[in-house]
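Numbers here are sequence positions counted from 1.
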Amino acid sequence: MSIMAASYYQKVNSAVEAGAKATYDTKSGNNVGLELVSKYKLDPTSFAKAKINDRGIAALAYNVKVNKGVTFGVGLSLDTQKLNEAGHKIGTSFTFEG
């Protein structure tokens with residue numbers, strides 16, 4: 001029970017969602033951690049998401065429903081404070097539902 005968190009979510013309209021989260025660790029006394037997120041529905045089968053936190057880590061994701069039961073996703077995570085260094089992440093995924 002040493003970490004306190006507060007979050008906010010709003011569905012702006014049928015295509016846009018937004019949220020924020022703040023966390024605080026009472027044991028370490030570190031600064032408050034913040035995250036801002038958004039999701040945009042491009043069409044009925046696809047959406048894009050973006051997130052950035054107080055440490056400068058930005059993440060982007062894109063998901064599309066390929067056909068019934070199959071979803072394809074691609075994601076990217078960047079450390080915006082160290083763009084010229086290695087350590088960024090990229091990934092893909094397939095989700096199968098029965």
Enquirer: Tell me which pairs pass ring-ring contact (aromatic ring centres under 6.0 Å, His included) where either residue lies in residues 72-95, with sequence neighbours left out.
Expert: F72-F94
Enquirer: How far does CG of D25 sit from CE of M4, to the nearest 0.5 angstrom?
Expert: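 Rounded to the nearest 0.5 Å, the CG-CE separation comes to 9.0 Å.
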Enquirer: Is it possible for you to say whether I57 and L36 belong to one hydrophobic cluster, with membership spreading through side-chain heavy-atom contacts below 4.5 Å?
Expert: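 No, I57 does not connect to L36 through the hydrophobic network.
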Enquirer: Working to the nearest 0.5 angstrom, can you tell me the gap between T23 OG1 and D54 CG?
Expert: 7.5 Å
Enquirer: Are V70 and V74 linked, directly or through other ILVMFWY residues, by side chains that come within less than 4.5 angstrom of each other?
Expert: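 Yes, V70 and V74 fall within the same hydrophobic cluster.
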Enquirer: Considering residues at least two apart in sequence or located in another chain, which fulfil the side-chain contact (heavy atoms from CB on, under 4.5 Å) criterion with A22?
Expert: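 Per chain and number, A22 pairs via side-chain contact (heavy atoms from CB on, under 4.5 Å) with V32, L34.
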Enquirer: Filter on ring-ring contact (aromatic ring centres under 6.0 Å, His included), then keep only pairs touching residues 26-48, sequence neighbours left out; what's left?
Expert: none
Enquirer: Test: side chain to side chain donor-acceptor pair (under 3.5 Å). Region: residues 8-22. Which pairs qualify, not counting sequence neighbours?
Expert: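 Every side chain to side chain donor-acceptor pair (under 3.5 Å) pair that includes a residue of residues 8-22, provided the two are not neighbours, is Y8-Q10, Y9-E17.
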Enquirer: Would you compute the distance between atom CD of E35 and atom CZ of R55 and round it to the nearest 0.5 angstrom?
Expert: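 Between E35 CD and R55 CZ, I get 7.5 Å after rounding to 0.5 Å.
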Enquirer: To the nearest 0.5 Å, how far apart are NZ in K89 and CG in L76?
Expert: 11.5 Å
Enquirer: Do Y62 and I52 belong together in a cluster built from hydrophobic side chains that touch within less than 4.5 Å?
Expert: no
Enquirer: Only pairs at least two apart or in different chains count here, so list each ring-ring contact (aromatic ring centres under 6.0 Å, His included) that has a residue in residues 17-38.
Expert: none
Enquirer: Sorted by first residue and then second, give each side chain to side chain donor-acceptor pair (under 3.5 Å) pair with at least one member in residues 64-85; sequence neighbours left out.
Expert: none
Enquirer: Do the side chains of V12 and V37 join up, straight or via other hydrophobic residues, at under 4.5 Å, putting them in one cluster?
Expert: no
